[in-house]
**Q** 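Submitted below is the structure of interest, expressed as structure tokens.
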Amino acid sequence: MQPTAPTIQLPMGNSTIAGQVDSMYYLIYWISVVFFVGIVGAMVVFLVKYRRRGNEKGAPTGHNTALEVFWTFSPLIILVFLFHQGFKGYLFGLRAPENAIEIRVRASQWKWEFEYPGGMRQNSELRVPVGTPIKLIMSSDDVIHSFYVPEFRIKRDVVPGMYSTVWFEAINEGEYTIFCTEFCGTSHAAMLGTARVVSREAYDRFLAEGVGPREGETPEQWGERLFSENACNSCHSRDGAPAPGPTFKGLFGRTEQLEGGASVTVDENYLRESILQPQAKIVRGFSTVVMPTYAATLRDRQLDALIAYIKTIR
Ligand code: CUA
């Protein structure tokens, strides 16, 4: 199977369901074009042909059984056919193949967390092997989000208090953007992620070795990458701009006034605690926003790198 080429209307389709989705889309599109041209064309012809001339009076039209039957049953046949085709595609997308790899997806304001078989967790990046069915088992910690990767042609709501599932099989390796497509609050637009389709070997290596710095990356550079991968930027600005959380500009060494009257000087321990237990010390004015904990997704080395990076934001 080949990925579908991008067109003016649709991005490239890199999954086994993309072909079905696209042909259904274009079928409906072209049926609509034919009817649009036919109806508007007939309207224009009749407008000209039967325009008012002198004092001529229009005669009432009678009943035409053949015409009535034709325009009742032809749309019905088209509708039943479209329903049949659409339902076939729906069933195909509903049940993941038996051998699918199950990946747990947790959505929260405003990040995606992925948990792989074996328990490794990662924020904002979904790494999957090429040519393998992947079943996503999704839930939300707070409000309704929606998981969407246009190139895979899959989109499914992620709802608090229940699981929803969706599956796909990528045809080629590549990198695609994950969107949240349900308005979920202030930083909804920044609730992005990356779906990275890699070879089976690279996927197995990734599961075995976990997430580390790239080759030649300094702790600060790795920290900067973690900053965006963990979507810190959706709540913390780096330039002092107002945001749901305190800005990181000049954060290290600053004295923060806390809710309840105490104050704290920002050092490594405060940063570490705030990432792992965000509710321990709340900066004054930020008590209405609940930061999610990163205790399950960030390991010591990653915390070190993130703190190293935060120190550089002056
Ligand atoms: Cu999550 Cu929009």
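Only a predicted model underlies this, so the values are computations on that prediction, with no experimental measurement involved. In what follows, residues are counted from 1 in the order of the sequence shown. Whatever order the structure lists them in is the order used to number ligands and atoms, beginning at 1.
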**Q** Is the shortest side-chain N to carboxylate O distance from Asp300 to Arg272 below 4.0 Å?
**A**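 Yes, Asp300 and Arg272 are salt-bridged.
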
**Q** What's within reach of atom 1 (Cu) of ligand 1, meaning protein N/O/S atoms under 2.8 Å?
**A**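 Listed by chain and number: His145 ND1, Cys180 SG, Cys184 SG, Met191 SD.
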
**Q** Is the shortest side-chain N to carboxylate O distance from Glu256 to Arg254 below 4.0 Å?
**A**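 Here Glu256 pairs with Arg254 in a salt bridge, since their nearest N and O are under 4.0 Å apart.
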
**Q** Look at Arg153 together with Glu151 and state whether they make a salt bridge at an N to O cut-off of under 4.0 Å.
**A**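 The answer is no: the pair does not qualify as a salt bridge.
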
**Q** When the ring planes of Tyr25 and Tyr29 are compared, do they come out parallel, tilted or perpendicular, using 30° and 60° as the limits?
**A**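 Aromatic pair Tyr25/Tyr29 classed parallel.
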
**Q** Say you draw a straight line from CD1 of Ile103 to CE of Met138; how long is it, rounded to the nearest 0.5 Å?
**A**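 Spacing of CD1 (Ile103) from CE (Met138) equals 12.0 Å.
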
**Q** So, Glu113 and Arg106, do they make that salt bridge, N to O below 4.0 Å?
**A**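 A salt bridge links Glu113 with Arg106.
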
